[in-house]
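Report on the following structure.
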Amino acid sequence: MPATLNLQMQGHTLAFRDAEVHLTNQATGATMTRRPFLDGSLVVRDIDPGVWQLKVTHPNLTLPIDNRPIRIFDQRPPTLIPVPVPADLFRDSPIRDIPDADLGPVQTLATSARDRAAPLGAKASGEVIRASDWNGLVGTVTDLANAVLQLASLVSPRGHDHPEIAEKIAEVQGNLRRFAESFGHSLLELRREIEAGTLHQRLTDVLTKGQAGTVLKDRLNGRVLDLHRSLQGDTVLFSQQLSSAGSDIITGVHELATQQSDGGAAFLADPQVKQVLAMAGTYFEAGTQTRQESELQTYRKSTVNGGPKLGAVFAIPPAV
């Protein structure tokens with residue numbers, strides 16, 4: 001007895017339009033190709049029961065959505081086969097090509113309904129209508145109604161929007177946003193590490209040159225150490241600590257200057273001391289920042305005022 005296959009795609013609805021269902025009878029080798037409706041449903045009537053190879057493909061994918069053997073049972077109720085369509089398969093895929101109106105599924109279903117209805121029209125007056133004839137007529141009318149419904153949605157005006165482009169732009173925007181956020185955090189942490197490392201190196205040289213005591217060294221170096229511990233903190237927290245450290249460094253360097261034999265004039269005129277004071281002054285004046293771009297702008301100003309940070313690392317050796 002011919003059976004009926006009821007296939008239902010589930011999941012990423014945007015993939016239903018262009019999907020193709022390929023069926024191969026593993027016993028006879030017979031093949032057929034059908035396209036589901038826009039809701040992902042596909043009904044194949046008068047199909048031989050047995051084991052079939054199911055393969056669901058999409059033009060935007062190199063691999064099938066689904067590829068497995070299925071069994072169609074010899075029974076009157078349709079054999080229901082769900083086909084999950086994960087949305088991850090279509091992430092970062094090319095823009096899908098939407099045809100103006102694919103009437104293939106409607107034409108296939110209408111043709112099948114016509115062929116199945118033709119034998120039922122040869123009844124003579126008073127002839128008995130069997131249950132199988134009635135069931136066949138009901139199935140034919142149902143398929144024809146579904147075809148008309150799908151036809152109405154396919155040929156109805158859709159406006160001038162391009163959903164396939166809109167969804168791809170939204171996907172690209174999401175990818176760019178995630179990349180920008182990740183890159184921005186990495187860049188910010190790198191600049192913080194460069195600033196804190198440079199400040200620590202220059203401050204150590206200044207404290208050594210001014211012969212600072214242990215208490216002053218521990219206090220100022222502790223402020224820089226706090227910056228290293230907060231490299232991955234948010235902008236508000238780190239910039240607040242940076243501004244406070246700049247204020248403390250300015251105070252400490254001037255305290256160290258007053259301890260010099262000449263009153264600190266020569267000490268404050270030293271280029272290294274000027275660099276440290278310029279960096280600390282930039283941090284102090286910037287204050288607490290709330291946006292990452294403002295924090296990065298502070299580091300640009302500190303480079304202008306206090307000199308380049310990576311000059312010793314990337315210095316070009318003199319020609320021999």
Side-chain angles (χ1 to χ4, degrees), residues 88 91-92 168-210 212 214 216-256 268 270-319:
D88 291 343
R91 186 167 297 165
D92 299 326
K168 185 55 60 176
I169 290 176
E171 178 183 327
V172 172
Q173 285 179 334
N175 294 340
L176 289 176
R177 183 172 58 255
R178 287 189 295 271
F179 172 77
E181 290 176 354
S182 177
F183 179 78
H185 287 311
S186 299
L187 177 61
L188 194 61
E189 291 177 10
L190 177 61
R191 287 304 305 265
R192 288 175 177 177
E193 187 173 0
I194 292 174
E195 293 292 326
T198 304
L199 180 62
H200 180 264
Q201 179 183 6
R202 292 180 178 177
L203 181 60
T204 301
D205 295 339
V206 169
L207 294 176
T208 301
K209 182 174 296 187
T214 303
L216 182 60
K217 284 184 177 180
D218 292 343
R219 190 184 78 193
L220 299 184
N221 287 330
R223 300 308 301 270
V224 178
L225 182 60
D226 289 339
L227 295 178
H228 282 284
R229 292 170 179 167
S230 304
L231 291 178
Q232 296 182 346
D234 59 16
T235 294
V236 174
L237 175 63
F238 188 83
S239 61
Q240 186 178 21
Q241 290 184 347
L242 188 63
S243 178
S244 178
S247 175
D248 205 1
I249 289 173
I250 294 174
T251 302
V253 170
H254 281 89
E255 288 179 3
L256 187 59
L268 293 176
D270 186 273
Q272 289 183 323
V273 177
K274 287 183 176 180
Q275 282 186 330
V276 170
L277 290 176
M279 291 179 62
T282 302
Y283 303 149
F284 174 68
E285 293 173 0
T288 301
Q289 302 292 332
T290 58
R291 299 192 308 169
Q292 295 180 354
E293 52 266 32
S294 299
E295 183 183 348
L296 288 173
Q297 188 66 23
T298 299
Y299 303 145
R300 294 184 60 189
K301 291 180 180 178
S302 73
T303 300
V304 174
N305 297 334
K309 308 296 191 306
L310 300 177
V313 178
F314 298 102
I316 301 176

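All figures in this text were calculated on a predicted structure; none of them were measured in a lab. Side chains included, hydrogens not; waters and symmetry mates left out as well; all remaining heavy atoms used.
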Applying side chain to side chain contact (heavy atoms under 4.5 Å, CB included), run through Asn221 and Leu207 and close with a yes or a no.
CA-CA 10 Å; Asn221 287 330; Leu207 294 176; 4.2 Å; yes
Check Val253 against Leu268 and note the closest heavy-atom contact, atom names and distance.
CG1-CD2, 4.4 Å
Working for side chain to side chain contact (heavy atoms under 4.5 Å, CB included), residues Val206 and Asp270:
CA-CA 9 Å; Val206 169; Asp270 186 273; 5.9 Å; no
Arg223 side chain to Ser247 backbone, donor-acceptor under 3.5 Å:
no
Which residue is it: Gln292, Glu293, Arg291, Gln240? I am looking for the one with a side-chain contact (heavy atoms from CB on, under 4.5 Å) to Thr235.
Gln292
What distance separates Gln241 CD from His228 NE2, expressed to the nearest 0.5 Å?
12.0 Å
Considering all heavy atoms, the nearest Ala280-Ile250 contact
CB-CG1, 3.7 Å
NZ/NE/NH1/NH2 to OD/OE distance under 4.0 Å, Asp205 and Arg202
no
Could you tell me whether Arg191 and Glu295 have a side-chain N and a carboxylate O separated by less than 4.0 Å?
no
Is there a donor-acceptor contact under 3.5 Å from the side chain of Thr204 to the main chain of His200?
yes
How about NZ on Lys217, more than 12 heavy atoms from neighbouring residues, nucleotides or ligands closer than 6.0 Å, or not?
yes
Starting at CZ of Phe238, measure out to CG of Leu227 and round the result to the nearest 0.5 Å.
5.0 Å
So Lys274 and Leu277, side chain to side chain contact (heavy atoms under 4.5 Å, CB included) or not? Walk me through it.
CA-CA 5 Å; Lys274 287 183 176 180; Leu277 290 176; 5.8 Å; no
Gap separating the CD atom of Glu193 from the OG1 atom of Thr198, nearest 0.5 angstrom:
10.0 Å
Value for CD (Glu181) from CG (Leu176), rounded to nearest 0.5 Å, stands at 11.0 Å
Spatial distance of atom NE2 (His185) from atom CG (Asp234) [nearest 0.5 Å]
10.5 Å
Please report the shortest heavy-atom distance between Leu216 and Gly252, naming the atom on each side.
CD2-O, 3.8 Å
Would you name the heavy atoms of Leu220 and Ile249 that are closest together and state the gap between them?
CD2-CA, 4.0 Å
When Thr298, Leu242, Val236, Leu296 are each screened for side-chain contact (heavy atoms from CB on, under 4.5 Å) with Gln289, the one that passes is Thr298
Step-by-step side chain to side chain contact (heavy atoms under 4.5 Å, CB included) determination, Ser243 to Tyr283
CA-CA 5 Å; Ser243 178; Tyr283 303 149; 5.5 Å; no
Looking at OG1 of Thr303 and CE of Met279, how far apart are the two atoms once the value is rounded to the nearest 0.5 Å?
7.5 Å
Sidechain-backbone polar pair: Ser302 side chain, Tyr299 backbone, donor-acceptor under 3.5 Å
yes
